[in-house]
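Below is one structure, written out as structure tokens; comments come after it.
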Amino acid sequence: MSEMDDATGAAASPPRPSGDPPPATARSRRRGGTHPLARFLIRRILTAVLLAWGITLVTFVLTNLVPGDPVAANLGQRALGDPAIVAQWRAEHGLDKPLWQQYGLYLQGLVQGDLGTSQQSHRPVSEDLAEFVPATLELAGAAIVVSLILGVAFGVVAALRRDRFADHALRVLSLIGISVPTFWLALVAFYVFFYRLQITPGSGRVDPALGGAPPVTGLQTIDALLAGRWDIFVSAAGHLVTPALVLALYTIGLLTRFTRSAVLEVLGQDYVRAARAKGLPGRVILFRYVLRSALVPIITVAGLAFGSLLSGTVLVEAIFAWPGIGQYAYKSATTLDLPAVMGVGLVVGVVYLVINLIVDVLYGVIDPRVRSQ
Amino acid sequence: MTSRSVLDISGLKVSIGGREVLRGVDLSLAEGRVHGLAGESGSGKTMTGLAVLGLLPHGARATGRIALGDRDLLTLPPRELNRVRGGEVAMVFQDPATSLHPMLTVGRQLTEHMRHHLGVDKAEARARAVELLGKVRIPGADEAFGRFPHQFSGGMRQRVAIAIALACSPKVLIADEPTTALDVTVQAGVLRLLRGLCDELGLAVLLVTHDLGVMSAIADEVSVMREGLVVETGPRGQVLREPAHPYTRSLLDALPDSSPEPPGSAPEPPDARTDSSPDSPTGETA
């Protein structure tokens, strides 16, 4: 997080000319033997691995701190009355060992790709996740792509048309996006577009009559394209549109606001005025000079927004019967299916890590000052 | 004083939000001459410079005439004004730490407007840029081309900014407090460079500064501004030694130790006029 803050801070107010900065990286490049961007990347990845280990520890401890006995949640009344059955069930699931030993076993399994067996589905958790995670990634991915495109475009328009009609209209729109609760919006969208207007398909990922494309990536739309099944693609995309837009609206609002203020801030910078003084065309100034600098705070917010977007999927998936990880998490949590809960926690944590890693790398790509630090 | 006048500002008035910041400015810049524009902050020096390039802040209204040849820059259509900016009239800003884009290489910032205005190809633009970097005395010009602004010291950055301004061989250079943000040791080098380029390329330079020391070092003519008006204008020696206007006199008296101006004695700060072919950039490191 601290790198993020530094980077945003640097973008907001470029450093003053205080003394001489360190000499060129060209020299250090030769000395280190690796490209500065590569070294930057390696450092970030090593940190990410450490953090991933931290995530396993936290999910494991938190999951086991949850009040409630998995035995009671999983066995029936009669079985609970029989101490022998209870003891056998505990031994089967490794619950009779001390906690640190359980963690050791968990980690041991983890490095071999074994996340334990779900007590509900009686399948390996990894198999369950492989089935549900792609659905959520497809939904969240579509939502983040839509919100990046629309949010940044709206923000730029609002900044360039400052205090004019477009700016005011977009301000109202983004405030609505930020303040309307996702679950309510999901219900209303479902009711209006599916039930009343009947212009969108209902729940699920694809028309059941079509079956579905042979899984390659697990993303229904991509798989349909790979299989050349245009009909499945249309159906899958149609199913995706409403939940993705519902999910994206908050992020669109957020990104519109942030992009607007970031662009306005950059527009006031000396180097933008200097670019005008050079007689560069407005298009070049906007894309090369303004947007490039404004991107640093924008991707910071986008990275964080992706996190809240993931948590938003739980509600949206429930309402649109989207067979994703949100639904799976909900079911596992209510039945105290500990391996499944930990699996979900781990996946969400790793997704966060990857997003942060991408954001960090993007900082380095965009801003040479970050790379050379 | 016989050299050809390049840029003539007459009756320039600028108002921002109903407040008049320039109340009829007359200035004339001639080829190969440095015209110093002095005055306290808020007197309208910078606004005058910005008005020439049409870079006044949002909501500002300018009237009068800014003649570049037979064109009036104030009424020029945006497309043609854009061709003048950078191409015929260039500008160097006060703080090179903020006037260079931190995320673009020096080479890119040097060549993009060159390619736009002059239509030269990449290789030619690069060759010109490296030559320019050499001309502003940046050591290792070839390597400097690929570096980022933060990898240069303040003085070197301002040299880069000057190179950028000169890239399209403009006729007029507006330098807005070009040495104010720099260390005193570095100032002299940058001023010498400006003076040298002015003589060598026949540039008409408008040097905006509040620093009379800077002024006496390199200006040919000096104009003094106060509250949006030019109160005195004339050759440097005359204005600085025998100020006619009481305001100019009070400005000179306000200098810490009025060493430049014991009446009668010639101003002798780092005078670069005599040194028209400067060579060593003093006190600077790459």
Side-chain angles (χ1 to χ4, degrees), chain A residues 7 10-30 36 160 162-164 264 266-285 287-296 362-373, chain B residues 49-50 53-55 57-58 78-79 81-105 108-109 112-114 116-117 140 143-144 146-158 161 164-165 167-168 174 176 181-183 284-286:
Chain A
S13 56
R16 316 291 301 177
S18 57
D20 287 4
T25 45
R27 217 169 303 150
S28 49
R29 192 179 305 170
R30 254 172 263 130
L160 295 182
R162 186 183 193 176
D163 292 331
R164 296 205 226 156
L264 280 180
V266 177
L267 279 177
Q269 294 288 337
D270 264 6
Y271 52 74
V272 173
R273 202 169 56 173
R276 290 215 179 93
K278 282 158 76 173
L280 294 174
R283 174 175 35 86
V284 173
I285 295 179
F287 285 102
R288 195 175 296 159
Y289 278 74
V290 178
L291 264 188
R292 200 185 171 102
S293 301
L295 268 183
V296 173
L362 283 180
Y363 286 151
V365 171
I366 295 173
D367 193 341
R369 291 169 299 181
V370 175
R371 286 205 286 278
S372 56
Q373 265 165 22
Chain B
L50 291 176
L53 281 170
L55 291 174
H58 208 67
R79 187 177 278 269
L81 182 62
N82 243 7
R83 226 170 288 152
V84 170
R85 289 172 176 168
E88 295 175 64
V89 182
M91 188 152 184
V92 174
F93 292 88
Q94 176 170 354
D95 188 349
T98 58
S99 68
L100 297 175
H101 197 294
M103 304 172 190
L104 298 174
T105 59
R108 173 144 222 177
Q109 300 188 58
E112 55 186 355
H113 57 314
M114 226 190 262
H116 179 70
H117 287 302
E143 199 196 3
R147 290 212 229 141
F148 290 96
H150 72 272
Q151 295 168 324
F152 293 89
S153 67
M156 284 296 148
R157 275 186 216 150
Q158 195 61 298
I164 290 173
C168 301
I174 296 166
D176 183 8
L182 305 179
D183 286 346
E284 284 180 75
T285 50

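By convention in this document, chain letters (A, B, ...) are assigned in the order of the sequence lines, proteins followed by strands, and residues within each chain are numbered from 1.
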Chain A contact via [X] - which portion, at a heavy-atom distance below 4.5 Å:
X        : value
B/Arg79  : neither
B/His101 : both
B/Val89  : backbone
B/Leu81  : neither
B/Leu100 : backbone
B/Ile164 : side chain

Note to self: Can you list everything that forms a ring-ring contact (aromatic ring centres under 6.0 Å, His included) with B/His113? Sequence neighbours excluded, please.
What the structure shows: none

Next item on the list: For B/Arg108, look at atom CZ and say whether over 12 heavy atoms of other residues, nucleotides or ligands are found less than 6.0 Å away.
Entry: no

Check: Heavy-atom distance under 4.5 Å between the side chains of B/Leu50 and B/Ile174, does that happen here?
Finding: no

Note to self: Assess, by modelled atom type and distance only, whether the side chains of B/Arg85 and B/Asn82 contain a donor and an acceptor separated by less than 3.5 Å.
What the structure shows: yes

Item checked: Sidechain-backbone polar pair: B/Gln109 side chain, B/Phe148 backbone, donor-acceptor under 3.5 Å -> no

Next item on the list: Please check if the side chain of B/His117 supplies one atom and the backbone of B/Glu88 the other of a donor-acceptor pair under 3.5 Å.
Entry: no

Next item on the list: Heavy-atom pairs under 4.5 Å with chain A are the metric here; pick the option from B/Arg83, B/Met91, B/Glu112 that has the most.
Entry: B/Glu112

